[in-house]
Each structure stands twice: as C-alpha cells, then as structure tokens.
Amino acid sequence: MTARGTRAGTSAAADTDDDLDVEEALALVREPREPRQDATAAPTHRGAHAKGEHAHGGSSAHRHRATPWPQARETAARAARSGARRAPVSVPLADALGLALAAPLDALTDLPSFDTSAMDGWAVAGPGPWDVREGGVLAGHAQPEPLTDGEAVRIATGARIPADTTAVLRSEHGRLDAQGRLHPTRETVHGQDIRPRGQECRSGDQLLPVGTLATPAVLGLAAAAGYDTLTAVPRPRAEVLILGDELLTEGLPHDGFIRDALGPMLPPWLRALGAEVTAVRRLGDDAKALYKAITSSAADLVITTGGTASGPVDHIHPTLERIGAELLVDGVKVRPGHPMLLARTKENQHLVGLPGNPLAAVSGLLTLAEPLLRTLAAHPAPEPYVVPLAEATHGHPYDTRLVPVVLRGDTAIPLHYNGPAMLRGIAAADALAVVPPGGAQQGEETELLDLPWAAAGIGVCFT
C-alpha cells in the first residue's frame, strides 16, 4: 500500500455511468472501455435505477434538497453524538477486541511483579569464577534460595531472581572448566539481564487513557497488568432489513428474480465497521412488515436496503413519516448512491436507508453508516489522506463520485466495473477514491476512503 498521511482538503465529487479504462486489480493489465451498464450487469436491487439512481441526479427538486457528500458524513457523526449516551460495559478480554476503553487502564500490579531473569543463563553473585549450585531456577516456581558470594545457579528466562544475585550471565557468555566452575567470557556488569520489579510500571500507574482502542497488544498489556475484563464502550447494535419481492437467496436468477447480494454482504461489512449485527430480516415489499420491524427494533442502527426513492413500492419515506421520525439526510450529492437517507427514529436509534443497487449501497455504508457507527463506538475519525490517480477519472457534473481503486506504489488505479449495480470492481479494490465534480486529472491527488479489511483485517476495524 501507498504511504499515508497527506491531508486531504474538503472533497466533493461526481459521477457518470461510464466505466473507465483502467488496470485490473490483480493482473494490472490494460482493458478496453467497458460498455455502459445494461441488463446483463450485476443484479439491480429495488431502489436504485428504477427508483431514483439516474445518471444525472433525478429531478432538479431532489438535487436541490440533497446534502453535499462531506456534509452528509458530518451529519451522520453529529447525529450519533446527539443521541443518548450508551452506558459502558464490562467485557471479557477475549471479547474486547476493537472496543474503545471507557475507563483508564491502570496497572493492578507492578510489572514485572518480582525481579526476573531476562535471559537463559546463570544467576551469579559477586565476581567470577563461580561455584555452580546443583539444580536450577525455572519460571513459575517459588522464590529460590539466596545466593552466596561466589556462587551461581542455572536460571531460565522469566524465573524469579534469587536474593543477593549480582547479575545474570547469558548462556553464551559463560563456560565451565573441568572442575565445574563457571567463568565469564566477557565483562559482567552489575544488574545485567535482570528485569527489576516495577521496571515497566508500578501498581496504580495509568497505562492507557480512556478512548484507547483495544488492539491485540492492548489486550496483552491488560492481561499482563492483571485484568480479566475491560470497561469499554459497547459495540453499536445494527439490524439489517432486506426489502424487495424480486430477491432470491439461492440459485441462479430467473424469470425476473435476481440474487440478493446485500444480504450476504452487509452483515460482515457492518461487523468490519465495529457493529454487532443482531438480526437480518427479509421483508419483501411489505409496508406493514417494515413498520413493525422498525418500531420493534432495539438496535442502535437500523439498515434498510432499497425503497428510498418514490416508486410504487418504496415504503421507506411513508413509514418514517408515519412513525414521526426526524429525517436528517434525504439524498446525498454522491454517485453512486444519491437516494440514501438518514433518519432519527428514536432518541437513541437511527435508520440508514441504503439504495438497492450493490455499489450504491456500499456508498451509503461509507457515507452515512460508517461515521455514525464510528461515533457510537467512540472510535477516532481516520486521518484523511490523498494519493495521486494513475490516470484521468471521469466525474459527475455536480456530485461527488466514489470510484473503487487499487493501490500500487504511490498511486491509485481506478478499477473497471464501477456502475451502481456492480460489485466486481469493489471486490478487487483497496479503497474508494473521492473524485471531485468534473473529474480528476492524471496525477491529481485525490482523497481515499479505506475499506475496513484493507486497514485492519476482516471482521475488525480499528480506524
């Protein structure tokens, strides 16, 4: 991956439905220009092209009220901050990976809690040569007998240091003569290779502040410091509602039915963003079922797929109005995915309505769900960074455009198959490039949005 850290300015961007001439993610070979998306492309879920995902933004009235892309992300983060505070929880170390500490991590003991050997070798007392005591000192055993001046004893790494020990002589730095006496092969310094009690910390020292993310190293430190559990900000709970009568859960598309790509994709993606997915429900195009599912959900975030425009079976807006939800974002100036929305359904619950097209849904996840989940989990915002584009990239006249890219060296290479209904490009991508209105020239530095698994491994996101 390319080096990170160049700060990006405020980005807005644009989109057309044309695919671009780019190098494929793995082969990095030149391909011809792809044709415009047609009926043979990846499945189109309800709520996208047929319901407002048009090449130039739908009606002018909808464009007027749509929220600029940077502002939509800020609104999502701010919405989470304005909700009810979530009480900290006590979490076993094994379950705390990726959580933010809700209390300082203070040492419960000295580290190390006793003088210990840093090396395999001999514990020695006074200057050499030394008479070697029979037996040895192993880690995990009780306090050994003290040494007398001129005496040595075999010792293992991590073992308790006998009282009156001067130093630890490494195995490779000592030799035994014919009489069994130990001689140093190099100068022995007082205290060498001994880890004194409290060298790393004293009991009560603050090891890590509130807000620190529980990485694997943090879990190791907590265990070493005597913790069995951590006080942490709980994972946000997310529930996914899959809408659309045309969706199949198995087999090949047929007779106007298409495979559901979002059901398999969204739960692991949400988990990678730090959420606990409590349920995935398939509701079809049923306004009553949608109303019941939203009003009965106890999740912090409800995710819906499709139905965010104004078609005959687009039930999201009427249902939100019926329950008295506060619509915070109703359309975003971004391609793909502009029909996305964000609503506050309860004091401590929000709903993100994703478009039905797969790549448009990914855009909605990263635009609205990611900032909201990150704020709920008390995770820090990632540092923006920019990377030059390997080639000129088409833009939309007035909207932000999110384009899958692969990172090679110090450049970002835009990928093929980036239409709203396509997943082939994003499946090979390392990130999404934020292309400004009108497009970007070859070599132009462009802000990137990392994909969670590219940054931290599938299932966990620390950024």
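Every value quoted in this text rests on a predicted model; they were computed, and no experiment measured them.
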Q: Report yes if the side chains of I323 and K346 come closer than 4.5 Å at any heavy-atom pair, otherwise no.
A: no
Q: Looking at Q441, I'd like to know if its CD atom is crowded, meaning that more than 12 non-hydrogen atoms belonging to other residues, nucleotides or ligands lie closer than 6.0 Å.
A: no
Q: Distance-only, no hydrogens or angles: does the Q192 side chain make a donor-acceptor pair with backbone N or O of V189 under 3.5 Å?
A: yes
Q: Got a donor-acceptor contact below 3.5 angstrom from the N357 side chain to the L359 backbone?
A: no
Q: Tell me if a side-chain donor or acceptor on D110 pairs with a main-chain N or O of S203 at a distance below 3.5 Å.
A: yes
Q: Between L320 and A343, what is the shortest heavy-atom contact and its length?
A: CD1-CB, 3.9 Å
Q: Give, for atom CG of D330 and atom OG1 of T67, the distance between the pair rounded to the nearest 0.5 Å.
A: 8.0 Å
Q: Determine the minimum heavy-atom distance between P104 and Y227, stating which atoms define it.
A: O-OH, 4.4 Å
Q: Determine whether P380 and L213 make a side-chain contact, defined as any pair of heavy atoms from C-beta on separated by less than 4.5 Å.
A: yes
Q: Sub-3.5 Å donor-acceptor pair from the side chain of Q349 to the main-chain atoms of A299, do we have one?
A: yes
Q: So do T345 and T295 actually touch side chain to side chain, heavy atoms under 4.5 Å?
A: no
Q: To the closest 0.5 Å, what do you measure between OG1 (T393) and CG (N418)?
A: 9.0 Å
Q: I need the minimum non-hydrogen distance between Y417 and M422, along with the two atoms involved.
A: CA-SD, 3.3 Å
Q: Rounded to the nearest 0.5 Å, what's the gap from OH on Y385 to CG on L448? Could you check?
A: 4.5 Å
Q: For D115 and R197: C-alpha separation, side-chain torsions, deciding distance, then whether salt bridge (Lys or Arg N to Asp or Glu O under 4.0 Å) applies.
A: CA-CA 5 Å; D115 294 347; R197 177 173 183 165; over 6 Å; no
Q: Please evaluate residues M265 and V362 with respect to the criterion side-chain contact (heavy atoms from CB on, under 4.5 Å), reporting the C-alpha separation (whole Å), side-chain torsions for both, the decisive distance (0.1 Å), and the verdict.
A: CA-CA 9 Å; M265 180 175 72; V362 169; 3.7 Å; yes
Q: Is a side-chain donor or acceptor of D286 paired with a backbone partner of K288 at a separation under 3.5 angstrom?
A: yes
Q: Taking all non-hydrogen atoms of both residues into account, name the closest pair between I194 and P196 and its distance.
A: O-CD, 3.2 Å
Q: Measuring only between side-chain heavy atoms, which start at C-beta, is E200 closer than 4.5 Å to L221?
A: yes
Q: Decide side-chain contact (heavy atoms from CB on, under 4.5 Å) for R374 and L273; before the verdict, give the C-alpha distance in whole Å, the side-chain angles of both, and the deciding distance to 0.1 Å.
A: CA-CA 7 Å; R374 172 182 11 102; L273 292 176; over 6 Å; no
Q: Identify the heavy atoms of V387 and A412 that sit nearest to each other, and give their distance.
A: CG1-N, 3.5 Å
Q: Does some side-chain heavy atom of L351 sit less than 4.5 Å from a side-chain heavy atom of L341?
A: yes
Q: Between E326 and R344, does a salt bridge (Lys or Arg N to Asp or Glu O under 4.0 Å) hold up when you go through it step by step?
A: CA-CA 5 Å; E326 180 185 0; R344 180 178 290 114; 2.7 Å; yes
Q: Check whether any side-chain heavy atom of L230 lies under 4.5 Å from a side-chain heavy atom of L99, and answer yes or no.
A: no
Q: Is a side-chain N or O of R86 found less than 3.5 angstrom from the main chain of L376, in a donor-acceptor match?
A: yes
Q: Looking at L389, is its backbone amide N or carbonyl O close enough to the side chain of T446 to form a donor-acceptor pair, meaning the two atoms are under 3.5 Å apart?
A: no
Q: Between D450 and A431, is there a donor-acceptor pair closer than 3.5 Å when you use the side chain of the first and the backbone of the second?
A: no
Q: Decide yes or no on side-chain contact (heavy atoms from CB on, under 4.5 Å) for I426 and L415, but give the supporting numbers first.
A: CA-CA 8 Å; I426 193 69; L415 293 172; over 6 Å; no
Q: How far does NE2 of H350 sit from CG of L372, to the nearest 0.5 angstrom?
A: 5.5 Å
Q: To check you understand the geometry: which heavy-atom pair defines the closest contact between H317 and T308, and what is its length?
A: CE1-O, 2.8 Å
Q: Please confirm whether the backbone N or O of Y291 pairs with a side-chain atom of H315, one donor and one acceptor, at under 3.5 Å?
A: no
Q: Distance from D285 atom CG to D245 atom CG, nearest 0.5 Å?
A: 4.0 Å
Q: How about L241 and I294: do any of their side-chain heavy atoms sit closer than 4.5 Å?
A: yes
Q: Any chance CZ of R202 has more than 12 other-residue heavy atoms, nucleotides or ligands included, within less than 6.0 Å?
A: yes
Q: State, yes or no, whether a side-chain contact exists between L97 and P216 at a heavy-atom distance under 4.5 Å.
A: yes
Q: Could you list the residues that satisfy side-chain contact (heavy atoms from CB on, under 4.5 Å) with T231, not counting sequence neighbours?
A: P88, A102, A103
Q: Hey, mind stepping through I316 and L243 against side-chain contact (heavy atoms from CB on, under 4.5 Å) and telling me if it holds?
A: CA-CA 10 Å; I316 298 295; L243 312 183; 3.7 Å; yes
Q: How many angstroms lie between atom CG of D430 and atom CG of L407, to the nearest 0.5 angstrom?
A: 4.5 Å
Q: What I want to check is whether the side chains of T157 and D120 have a donor and an acceptor closer together than 3.5 Å.
A: yes
Q: Checking the side chain of R73 only, and the main-chain atoms of P371 only, is there a donor and an acceptor separated by less than 3.5 Å?
A: no
